[in-house]
Novice: 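Submitted below is the structure of interest, expressed as structure tokens.
Numbers here are sequence positions counted from 1.
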Amino acid sequence: MADTAQTVTDERLKQEGFGARLMKRPELGAIAGVILVTAFFLITADSTMFTLSGIMNFMTPAAQLGILAIGAAMLMIGGEFDLSIGSMVAFAGLIFGACVVTLGLPLILAIPLTLAVAAGLGAVNGVIVLKTGLPSFIVTLAFLFILRGASLVGLKLASGGSTQLRGVRDAVEGDWLAPMFSGDAFGPIFAWLAQIGLIDTFKNGTPKVPGIPVEILWFIALALVATYVLLRTPQGNWIFASGGDRNAASNSGVPVRKVKISLFMVTALCGALVAIITVMDAGSTDARRGFMKEFEAIIAAVIGGCLLTGGYGSAIGAFFGAIIFGMVTIGLTYTDFDQDWFQIFLGGMLLIAVLFNNYIRKRVTGER
């Protein structure tokens, strides 16, 4: 007699529906926000906003902010803040500009040196927070002013009294590394697409979009790497554990101190990367570079699903949160609305995101 296969179900296991799993995803709010903002501009904005050139126009600032937001998101998931990331953009820009203009170093030396200085300062932030027990909000707020002031003083010394250091574009011209951090990628492909009529061209036949700005490629690559680390590696589990319950994580063998210091370093490196890209694109650096970006990066991370209490969030959510910023910042120029509405939008989106994330957290944890 053939044995009859029986399926034994464990009554302690509860099958969770697709809708319930979807509601627990931290990036849900950001994706919904992108859809709503896109629908809004499809109705109110000029149709050129969603042409290829229009998309590149709003994706470029979104990418620059998004690189910062992804670093900020990972740090927030780990349970800490970094309010100095905007000032780090200015200070790293000073270091990079001084390396290539004042010292005449090639990019193969200037870029690693700039990144090393940024990583070192990030580690200092982390060590102070962990050694003193002070909130990272306070420590990095102090570094916000320290780095901004150091940028101002350093630029005056490097430029002979000016708050701007020029000559970067001439200094890096012809360097083999320059195309990786400045300009547009895939130029020949876009030229070919223009020749066969798939993208718009100017009257002389050159494509209106010469390529993909390199910051967009860095933005996408960083989002993919950060998502892989968070979701597919032990280090990602350590980050979530360190932000969720530091003591429990430490008792479980998670190297909490190393994780948090590493996250401060990653955030600082993101600031340095944005500094290198923007300084090379502009051909100069100044003391106001990255001004207020620390708050915009944190807001983008919160819109993307990061909790202010740590232990929950998503790099992909920060990715979409930055795209929302880029769409609204540039999209308002395609409408008849006053540009000052952007500030109102900023506060409204932050409040809505915090309320939504708080609701999701209670659903996930079962709190009342």
Novice: Looking at every heavy atom in both Ala73 and Cys306, which two are closest together, and how far apart are they?
Specialist: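 Scanning both residues completely, I find the closest heavy atoms to be CB-SG, 3.6 Å.
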Novice: By the side-chain hydrogen bond (donor to acceptor under 3.5 Å, both in side chains) test, which pairs, at least two apart or in different chains, include something from residues 222-251?
Specialist: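 Qualifying pairs: none.
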Novice: Considering residues at least two apart in sequence or located in another chain, which fulfil the ring pair (Phe, Tyr, Trp, His ring centres under 6.0 Å) criterion with Phe219?
Specialist: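 For Phe219, the residues satisfying ring pair (Phe, Tyr, Trp, His ring centres under 6.0 Å) (neighbours in sequence not counted) are Phe319.
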Novice: Output all residues satisfying side chain to side chain contact (heavy atoms under 4.5 Å, CB included) with Leu222, sequence neighbours left out; order by chain, then residue number.
Specialist: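 Side chain to side chain contact (heavy atoms under 4.5 Å, CB included) list for Leu222, sorted by chain: Ile67, Ile70, Cys270.
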Novice: How close do Ile330 and Pro61 get, counting heavy atoms only, and between which atoms?
Specialist: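 Minimum heavy-atom contact is CG1-CG, 3.8 Å.
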Novice: Just to verify, what does Val37 make a side chain to side chain contact (heavy atoms under 4.5 Å, CB included) with, not counting sequence neighbours?
Specialist: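 Once residues adjacent in sequence are excluded, the partners of Val37 under the side chain to side chain contact (heavy atoms under 4.5 Å, CB included) criterion are Phe41, Ile324, Met327, Val328.
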Novice: If you look at every heavy atom in Ser87 and Ser151, which pair is closest and at what distance?
Specialist: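 Heavy-atom minimum between the residues: O-OG, 4.2 Å.
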Novice: Which Ile, Leu, Val, Met, Phe, Trp or Tyr residues join Val127 in one cluster when any pair of side-chain heavy atoms under 4.5 Å counts as a link?
Specialist: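 Direct or chained contacts put Val127 with Leu130, Ile261, Met265.
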Novice: Of all the heavy-atom pairs spanning Gly304 and Ala30, show the shortest one and how long it is.
Specialist: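 Of all heavy-atom pairs spanning Gly304 and Ala30, the closest is CA-CB, 3.8 Å.
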Novice: Which salt bridge (charged side-chain N to carboxylate O under 4.0 Å, His left out) pairs, counting each pair once, include a residue from residues 63-81, with sequence neighbours left out?
Specialist: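 Only Glu80-Lys260 qualify under salt bridge (charged side-chain N to carboxylate O under 4.0 Å, His left out).
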Novice: Do other residues, nucleotides or ligands put more than 12 heavy atoms under 6.0 Å from the CD1 atom of Ile344?
Specialist: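 Yes, enclosed.
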Novice: Specify the closest pair of heavy atoms between Phe91 and Ala150, including all atoms of both residues, with the distance to one decimal.
Specialist: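 Closest approach of Phe91 to Ala150: CE1-CB, 3.7 Å.
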Novice: Where do Ala275 and Gly93 come nearest, in terms of heavy atoms and distance?
Specialist: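 What the structure gives for the nearest pair is CB-N, 3.6 Å.
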Novice: What distance do Ile298 atom CD1 and Leu308 atom CG have between them, rounded to the nearest 0.5 Å?
Specialist: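 Result: 9.0 Å between the selected atoms.
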Novice: Determine which pairs satisfy salt bridge (charged side-chain N to carboxylate O under 4.0 Å, His left out) with at least one residue from residues 129-157, sequence neighbours left out, and list them in order.
Specialist: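 Qualifying pairs: none.
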Novice: Name all residues meeting the side chain to side chain contact (heavy atoms under 4.5 Å, CB included) criterion together with Ala142; count only those two or more places apart in sequence or in a different chain, and write none if there are none.
Specialist: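 Applying side chain to side chain contact (heavy atoms under 4.5 Å, CB included) to Ala142 gives none.
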Novice: Residues two or more places apart in sequence or in another chain: which of them pass ring pair (Phe, Tyr, Trp, His ring centres under 6.0 Å) with Phe40?
Specialist: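 Phe337.
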Novice: Among residues at least two apart in sequence or on other chains, which ones pass ring pair (Phe, Tyr, Trp, His ring centres under 6.0 Å) with Tyr334?
Specialist: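 For Tyr334 there are no ring pair (Phe, Tyr, Trp, His ring centres under 6.0 Å) partners, ignoring immediate neighbours.
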Novice: Which salt bridge (charged side-chain N to carboxylate O under 4.0 Å, His left out) pairs, counting each pair once, include a residue from residues 281-290, with sequence neighbours left out?
Specialist: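 Listed once each, the pairs are Asp286-Arg289.
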Novice: Would the distance check show the side chain of Ser136 and the main-chain N or O of Phe81 forming a donor-acceptor pair, the cut-off being under 3.5 Å?
Specialist: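 Yes; at least one donor-acceptor contact below 3.5 Å.
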Novice: Sort and list the pairs that fulfil side-chain hydrogen bond (donor to acceptor under 3.5 Å, both in side chains) and have at least one residue in residues 99-122, not counting sequence neighbours.
Specialist: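 Those involving residues 99-122 do not exist here.
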